K.L.:
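Can you keep this structure in mind? I'll have questions shortly.
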Amino acid sequence: MAILVTGGAGYIGSHTVLYLNGLGEEVIVLDSLKKGHREAVRNAAFYQGELKDGDLLDEIFTTNKIDAVIHFAADSLVGESVEQPLQYYENNVIGTYHLVKKMVEHQVKKIVFSSTAAVYGNSVNVPIKEEDPTVPTNPYGETKIAIEKMLKWTDDAYGLKSVCLRYFNAAGADPEGRIGEDHTPESHLIPIILQTALGQREQVSIFGDDYPTPDGSCVRDYIHVMDLADAHYLALKRLRAKEESRTYNLGNGTGYSVKEVIKACLKVTGENIKAVSAPRRAGDPAILVASSEKAQKELGWIPQYHELEQIVAHAWKWHQNNRAGYN
């Protein structure tokens, strides 16, 4: 049986495909390539297209013996979601609706969903636990919690079992340097800092230095992308064994501020990195650090790359060797 990975040419999706390949799983990838890279997909059947293309989904589910879906395909920029909320509802919520509808029609009853810690908004608890209130501060988080609720009701009605994984800042790259992170435009903090170290950017902007945090900059929980890939596989493994819907946070349990991440990049690269203060971005919570105690207990998930400098070092290796990304 095969696994369909939607958004499998994207950053986290491609690393998950690589990880699944290493475990001997058969993988089918669906990606529109609007933001993903065909070059990032290795040893997997590939389909280019949109989730709303019902005929294409019918072809994929009919041609391949698929028993589960890992669903990454989504728009995921907080600031952009505030500016273009309808785009996020269309691509994220409506796109997932079409996918789930076809899963029900083709009797594919297992899905691992890439959610986000952004569903919690400005949580009063640190670290955040799964039972904490979900009050998103941006449309991106709202679309993800809407999908989680859709999956809950789909389970009640049709028996489609899901595992929703809530995490925030994926970082790093394949330790062997085969694939890495390449967005256009780049929006993630660590690659922006590393591009500055390479002289591809003039400076790094610190969006807000007056948050209620120790140094005034936002605090986030950074997770190595290969640890995320492992968590998605373990979630699927549990679904196959227990056929029970669950929700898990994924995090290292340690938060790093923007300024602390810049310092780590300075240490790893040994390069000059200019950083400047900039206004806050709309919808950005001050602190997001997730407790992964439940995932560790029920999935047996233990992050292998939990040191920030190690995460940065793997990303730096990719960026040094691929200065133009996949181009």
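Because the structure is predicted, anything quoted here is derived from the model rather than measured. Along the sequence shown, residues are numbered consecutively beginning with 1.
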K.L.:
Does atom NZ of Lys237 have more than 12 heavy-atom neighbours, drawn from other residues, nucleotides or ligands, at distances under 6.0 Å?
P.N.:
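No - once you tally the heavy atoms of other residues, nucleotides and ligands closer than 6.0 Å, there are 12 at most.
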K.L.:
I'd like to know if Glu176 pairs up with Arg178 as an ion pair, taking the criterion as any Lys NZ or Arg NE/NH1/NH2 lying under 4.0 Å from an Asp or Glu carboxylate oxygen.
P.N.:
yes
K.L.:
Going by the ring-ring contact (aromatic ring centres under 6.0 Å, His included) test, name the single residue among Tyr167, Phe113, Tyr19 that passes it with His232.
P.N.:
Tyr167
K.L.:
For Tyr97, look at atom OH and say whether over 12 heavy atoms of other residues, nucleotides or ligands are found less than 6.0 Å away.
P.N.:
no
K.L.:
Looking only at side-chain N and O atoms, does Asp53 offer a donor or acceptor that is under 3.5 Å from a partner on Tyr47?
P.N.:
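Tyr47 vs Asp53: no donor-acceptor pair found between side chains.
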K.L.:
Give a yes or no on this: more than 12 heavy atoms of other residues, nucleotides or ligands lie within 6.0 Å of atom CD1 of Ile302.
P.N.:
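Counting other residues, nucleotides and ligands, CD1 of Ile302 stays at 12 neighbours or fewer.
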K.L.:
Give a yes or no answer on whether the side chain of Tyr233 reaches the backbone of Thr16 with a donor-acceptor pair at less than 3.5 Å.
P.N.:
no
K.L.:
Under 3.5 Å, is there a donor-acceptor pair between the side chain of Lys294 and the main chain of Thr247?
P.N.:
yes
K.L.:
Going by an N to O cut-off under 4.0 Å, is there a salt bridge joining Glu148 and Arg166?
P.N.:
yes
K.L.:
Verify whether one side chain among Thr63 and Glu59 offers a donor that lies under 3.5 Å from an acceptor in the other.
P.N.:
no
K.L.:
Please round to the nearest 0.5 Å and tell me the distance separating atom CG of Asp31 and atom CZ of Phe72.
P.N.:
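Here the interatomic distance stands at 11.5 Å.
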K.L.:
Who are the side-chain hydrogen bond (donor to acceptor under 3.5 Å, both in side chains) partners of Asn92, not counting sequence neighbours?
P.N.:
Thr143
K.L.:
Asn249 side chain to Ala290 main-chain N or O, any donor-acceptor pair under 3.5 Å?
P.N.:
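No, because the side chain of Asn249 does not come within donor-acceptor range (under 3.5 Å) of the backbone of Ala290.
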K.L.:
Tell me whether Asn272 at atom CG has more than 12 heavy atoms from other residues, nucleotides or ligands lying less than 6.0 Å away.
P.N.:
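Open.
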K.L.:
What I want to find out is whether Arg246 reaches Glu130 closely enough, with some N-O distance under 4.0 Å, to be called a salt bridge.
P.N.:
no
K.L.:
Is it the case that over 12 heavy atoms from other parts of the model lie below 6.0 angstrom from the CD atom of Gln84?
P.N.:
yes
K.L.:
Are side-chain N/O atoms of Asp215 and Ser217 paired as donor and acceptor at under 3.5 Å?
P.N.:
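There is such a pair between these side chains.
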K.L.:
Judged by modelled atom types alone, do His224 and Asn252 share a side-chain donor-acceptor pair under 3.5 Å?
P.N.:
no
K.L.:
Using a strict threshold of under 4.0 Å (side-chain N to carboxylate O), is an ion pair present between Asp209 and Lys259?
P.N.:
no
K.L.:
Could you check whether any side-chain heavy atom of Ile179 comes within less than 4.5 Å of a side-chain heavy atom of Glu39, counting everything from C-beta outward?
P.N.:
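Of all side-chain heavy-atom pairs linking Glu39 with Ile179, none is under 4.5 Å.
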K.L.:
Quick one: does any side-chain atom of Arg280 pair with a main-chain N or O of Asp210 as donor and acceptor, under 3.5 Å?
P.N.:
yes
K.L.:
For the pair Ser162 (side chain) and Cys164 (backbone), establish whether a donor and an acceptor sit closer than 3.5 Å, ignoring hydrogens and angles.
P.N.:
no
K.L.:
Above 12 or not: heavy atoms from other molecules or residues under 6.0 Å from NZ of Lys152?
P.N.:
yes
K.L.:
Closer than 4.0 angstrom, basic N to acidic O: yes or no for Glu105 and Lys101?
P.N.:
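Judged by the 4.0 Å cut-off on N to carboxylate O distance, Glu105 and Lys101 do form a salt bridge.
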K.L.:
Tracing side-chain links under 4.5 Å among I, L, V, M, F, W and Y, which residues wind up in one group with Phe168?
P.N.:
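Reading the cluster by chain and number, Phe168 sits alongside Val119, Tyr120, Ile128, Ile145, Leu288.
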K.L.:
Under 3.5 Å, is there a donor-acceptor pair between the side chain of Lys317 and the main chain of Pro175?
P.N.:
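Pair found, side chain donor or acceptor close to backbone of Pro175.
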K.L.:
Quick check: are there more than 12 heavy atoms from other residues, nucleotides or ligands sitting under 6.0 Å from OH of Tyr89?
P.N.:
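Yes, enclosed.
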K.L.:
Any side-chain heavy-atom pair from Arg201 and Ile192 closer than 4.5 angstrom?
P.N.:
yes
K.L.:
Can you tell me how the ring of Tyr11 sits relative to the ring of His183, calling it parallel under 30°, perpendicular over 60° and tilted otherwise?
P.N.:
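Perpendicular: the ring planes of Tyr11 and His183 meet at over 60°.
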K.L.:
Could you tell me whether the side chain of Asp227 and the main chain of Gln304 form a donor-acceptor pair under 3.5 Å?
P.N.:
yes
K.L.:
Calculate, to the nearest 0.5 Å, the distance between atoms NZ and CD1 belonging to Lys65 and Ile28 respectively.
P.N.:
12.5 Å
K.L.:
When hydrophobic residues are tied together by side-chain contacts of less than 4.5 Å, even through go-betweens, does Val261 share a cluster with Phe207?
P.N.:
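Different clusters: Val261 never reaches Phe207 through Ile, Leu, Val, Met, Phe, Trp or Tyr contacts under 4.5 Å.
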K.L.:
Under 3.5 Å, is there a donor-acceptor pair between the Glu80 and Tyr88 side chains?
P.N.:
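Their side chains do contain a donor-acceptor pair, which is all the 3.5 Å distance test asks for.
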K.L.:
Check whether any side-chain N or O of Lys109 sits under 3.5 Å from a backbone N or O of Asp155 as a donor-acceptor pair, and report yes or no.
P.N.:
no
K.L.:
We want to know whether Asp75 and Asn91 form a side-chain donor-acceptor pair, criterion being a heavy-atom distance below 3.5 angstrom.
P.N.:
yes
K.L.:
Is a donor on one side and an acceptor on the other found under 3.5 Å between the side chain of His188 and the backbone of Asn169?
P.N.:
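Between the backbone of Asn169 and the side chain of His188 there is no qualifying donor-acceptor contact (under 3.5 Å).
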K.L.:
Are the side chain of Tyr222 and the backbone of Glu307 linked by a donor-acceptor contact shorter than 3.5 Å?
P.N.:
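No, Tyr222 side chain to Glu307 backbone: no donor-acceptor pair under 3.5 Å.
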K.L.:
Hey, quick one: are Tyr256 and Ile190 part of the same hydrophobic cluster, counting side-chain heavy atoms closer than 4.5 Å, chains of contacts allowed?
P.N.:
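Yes, one cluster joins them.
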